[in-house]
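The next block holds one structure in the form of structure tokens; read it before the comments.
Every heavy atom of this structure was used, including side-chain atoms; hydrogens, water molecules and symmetry mates were not. Lettering follows sequence order; numbering is per chain, from 1.
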Number of protein chains: 2
Amino acid sequence: MSDQNPLAKSLQLLWEGLPDPEKGPKPKLRLEQIVAAGIELADSEGLEALSMRRLAQNLGVGTMSLYRYVPSKTELLNLMLDAVVGPSPSRFSATDRGWREFLTTTAHEGRRLYLEHPWTLQANWTRPVLGPNSVADMELFMSGLLDLPLKDREKMSLATALDSYVLGAVRQELLWLNAAAESGMTDEEFWTHQLPTLERAMASGKFPAMAALGDDTFDSSWDETFDLGLQLFLDGLESKIQRRKGTANRPDQAR
Amino acid sequence: MSDQNPLAKSLQLLWEGLPDPEKGPKPKLRLEQIVAAGIELADSEGLEALSMRRLAQNLGVGTMSLYRYVPSKTELLNLMLDAVVGPSPSRFSATDRGWREFLTTTAHEGRRLYLEHPWTLQANWTRPVLGPNSVADMELFMSGLLDLPLKDREKMSLATALDSYVLGAVRQELLWLNAAAESGMTDEEFWTHQLPTLERAMASGKFPAMAALGDDTFDSSWDETFDLGLQLFLDGLESKIQRRKGTANRPDQAR
DNA sequence: GAGTACGCTGTACGCCGTACGGTGCACGCA
DNA sequence: TGCGTGCACCGTACGGCGTACAGCGTACTC
């Protein structure tokens, strides 16, 4: 039952929190405070600013005190991650407006979440955490797709695939946003600096297809690009569903 | 011309390499050696093993010597990234087998690349680099899609969206692979440890849709999931193309 | 042969995560 | 009531990191 395994410890922390002790002096902090402070710091100053020292300072305690609550920084990140994901009201209300609306909302909400907490795309590298909020998220997803003529297994793949797209798209978006910010230039200056190099490359004749591109080729906004990909994805799902409905009217007969 | 800007320096390094000097003693190393050694180290031992000290040791030089070639570790990562991307022979040969085949190959090659060099998904956080290989990659993409009834701008969005999907998918895949590896368990043990927690969650009644899922819901392989999402994406594109062809037969009339 | 530009590198600084062990609080029990 | 004990707090220290800096020696130009 009480497992030595660090994974078990991690899961316990996620699902049950810390057991509150009876014997010693009262803890100054609560676990949630630490997690919340971590999220705030990472949101406002970036993941690289989130050190245990900084965090402890912000909370007004000694650095090592944090380790009374959290076994390691990695585990803290897992807790932060699970705290930040989870269903939103608008996704709940979208469940009964058809699968397409539901998936669109899910994707947009996902994008918003990642954009608000960019560190989620850098931090969760260590482990995909099955915390209560992640599971609630999956639950909502599955219930929004209940009457689709897809096997459970396909729905799960669909969930993963859609999340993959959202995740990848935001990652690229953030990459460019960061690039400009970090170099201390505006987006425009940033491009202006790259242009001469690119134009020289185009002039070299090595890239004919690139050289022939229209002037506005690179003008797409991130919103636009995101929606284009999402539409393709949903259109593809739509035609898959139509095909299924054509060949069978009972979902479980689906190929 | 000679710009103080660090970005300019970075671009110069990418496109022109280091100017070879005439005056002083001969350099022990060449830039490409450093980049290659960096890639090898990151591939074999992970990005976290790639420190300037380790790298210098592997190359048989003092740590600070590396800074004669590369202004910072960040810049080194950019060089490594551009060195690793770029068109592959199989993608070249796929250009004349129709857009669907071409995009499928592109996506699979992309996945393979990311899986072979997992650090690309952790490292390029700092800047999207427009190096010669990245541009060659774009060139190939554009020339594979030449006769599609899409505007250049849409093609570019398409490239981004497809790459987003691939990138996100591999990232998730690696997440899980790493999770098992890092905890020192096999994939199976890893799941076995999570199961009790999940089953307790299911039994709580809070997750009816999850609880009702079939036994094989989570059995999809990564290959399977990746292909499912890719098919949806391509099917969506296919119907978009069909729609275009129905309403116009000149590409530039496309909505 | 002298001057000099430049490659190489040892040392050091200020960060990081965290192991360890001392200090003192507050509760359970005698 | 007094005490034993288990726990919270946290100062110190260790081994890593990226890299600034300055001294040293080389190999070219004139």
Gap between atoms CG and P, on A:L66 and C:dA19 respectively (whole Å): 13 Å
Does A:L162 form a side chain to side chain contact (heavy atoms under 4.5 Å, CB included) with A:L230? I'd like the steps, not just the answer. CA-CA 9 Å; A:L162 184 60; A:L230 182 58; 3.9 Å; yes
To the nearest 0.5 Å, tell me how far A:R91 CZ sits from A:F141 CZ. 8.0 Å
With DNA chain D as reference, determine whether B:P71 or A:K28 sits nearer its 5' end, using the nearest nucleotide of each. A:K28
Within the sub-3.5 Å range, which N or O atoms of nucleotides 24-26 of chain D have a protein N or O partner, and how far apart are they?
none

5' priority, DNA chain C, between A:T63 and B:Y67 [closest heavy atom]: B:Y67
If you restrict it to nitrogen or oxygen atoms, what contacts under 3.5 Å exist between nucleotides 15-17 of chain D and the protein, and what is each distance?
unit_1	atom_1	unit_2	atom_2	d
D:dC17	OP1	B:S51	OG	2.9

Less than 3.5 Å apart, any donor N or O on the side chain of B:T160 or A:T225 sitting next to an acceptor on the other? no
Reckon A:R68 has a side-chain N or O less than 4.0 Å from the OP1 or OP2 of D:dC9? no
Could you give the CG-to-P distance, from B:L76 to D:dT19, as a whole number of Å? 10 Å
Taking OP1 and OP2 of C:dT9, is either one under 4.0 Å from a side-chain nitrogen or oxygen of B:S65? yes
Reckon B:Y69 has a side-chain N or O less than 4.0 Å from the OP1 or OP2 of C:dC8? yes
Ion pair B:D227/B:R111, N-O distance below 4.0 Å: no
Distance only, no hydrogens: is a donor on one side chain within 3.5 Å (strictly under) of an acceptor on the other, for B:E109 and B:S90? yes
Applying salt bridge (charged side-chain N to carboxylate O under 4.0 Å, His left out) between B:R54 and each of B:E48, B:E40, B:E45, report the one that passes. B:E45
Whole-Å distance, A:L59 CG to D:dC9 P, equals 11 Å
Rounded to whole angstroms, how far apart are CG on B:L47 and C1' on D:dG18? 14 Å
Worked check of salt bridge (charged side-chain N to carboxylate O under 4.0 Å, His left out) between A:E75 and A:K9: CA-CA 10 Å; A:E75 216 56 67; A:K9 175 92 179 151; over 6 Å; no
Rounded to the nearest 0.5 angstrom, the NZ-CG distance for A:K73 and A:L66 is 11.5 Å
What is the distance from CE of B:M64 to C1' of D:dG23, rounded to the nearest Å? 14 Å
Above 12 or not: heavy atoms from other molecules or residues under 6.0 Å from CD of B:Q33? yes
Value in whole Å for how far the P atom of D:dC9 lies from CG of A:L55: 14 Å
